[in-house]
Amino acid sequence: MKFSFVSTAVAAALLVMAGQTLAADGKTVYDSTCAACHATGAAGAPKLGDKAAWAPRIKTGAQALYASALKGKNVMPAKGGNSGLSDADVMAAVDYLVAQGK
């Protein structure tokens, strides 16, 4: 009985560690998908690191920013046009953009 408890605990810990390893990397997603517009300001996209442009957007809250990125807003298509991204990837990219805009 003791062995199965230990085995279960170890398996759970390994799953948690694997999930952390597979977690989205916001900078990588930004570099591969978002930078095309957010590095240049194309089509009115707020540029990475532009605190003045990001301030009013950040005030709307993370959930509003996630929704815009996931569903699209104005000329930005859903998921920045990369439908292969998971929601977690998109949210990680939003978090990266916000962190650079603070």
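Note that the structure is a prediction, hence the values are computed from the model and not measured.
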Name every donor-acceptor pair, under 3.5 Å, that has one atom in a side chain of residues 95-102 and the other anywhere in the protein, sequence neighbours excluded.
{"residue": "D95", "atom": "OD1", "partner": "Y66", "partner atom": "OH", "Å": "2.6"}
{"residue": "D95", "atom": "OD2", "partner": "Y66", "partner atom": "OH", "Å": "3.3"}

Hits for side chain to side chain contact (heavy atoms under 4.5 Å, CB included) against T60, two or more places apart or cross-chain, chain-then-number order -> A64, L65
Residues forming a side chain to side chain contact (heavy atoms under 4.5 Å, CB included) with S86, sequence neighbours excluded: A88, D89
Give every donor-acceptor pair under 3.5 Å between a side-chain atom in residues 32-40 and any protein atom, sequence neighbours left out.
{"residue": "S32", "atom": "OG", "partner": "T28", "partner atom": "O", "Å": "3.1"}
{"residue": "S32", "atom": "OG", "partner": "V29", "partner atom": "O", "Å": "3.2"}
{"residue": "T33", "atom": "OG1", "partner": "N82", "partner atom": "ND2", "Å": "3.1"}
{"residue": "H38", "atom": "ND1", "partner": "P46", "partner atom": "O", "Å": "2.7"}
{"residue": "T40", "atom": "OG1", "partner": "A36", "partner atom": "O", "Å": "3.4"}
{"residue": "T40", "atom": "OG1", "partner": "C37", "partner atom": "O", "Å": "3.4"}
{"residue": "T40", "atom": "OG1", "partner": "A42", "partner atom": "N", "Å": "3.2"}

How long is the straight-line distance from CE of M76 back to NZ of K71, given to the nearest 0.5 Å? 12.0 Å
Is it the case that atom NZ in K73 sees more than 12 heavy atoms from other parts of the structure closer than 6.0 Å? no
With D87, which residues qualify under salt bridge (Lys or Arg N to Asp or Glu O under 4.0 Å), at least two apart? K79
Output every pair passing salt bridge (Lys or Arg N to Asp or Glu O under 4.0 Å) with a member in residues 26-49, not counting sequence neighbours, ordered by first then second residue. K27-D31
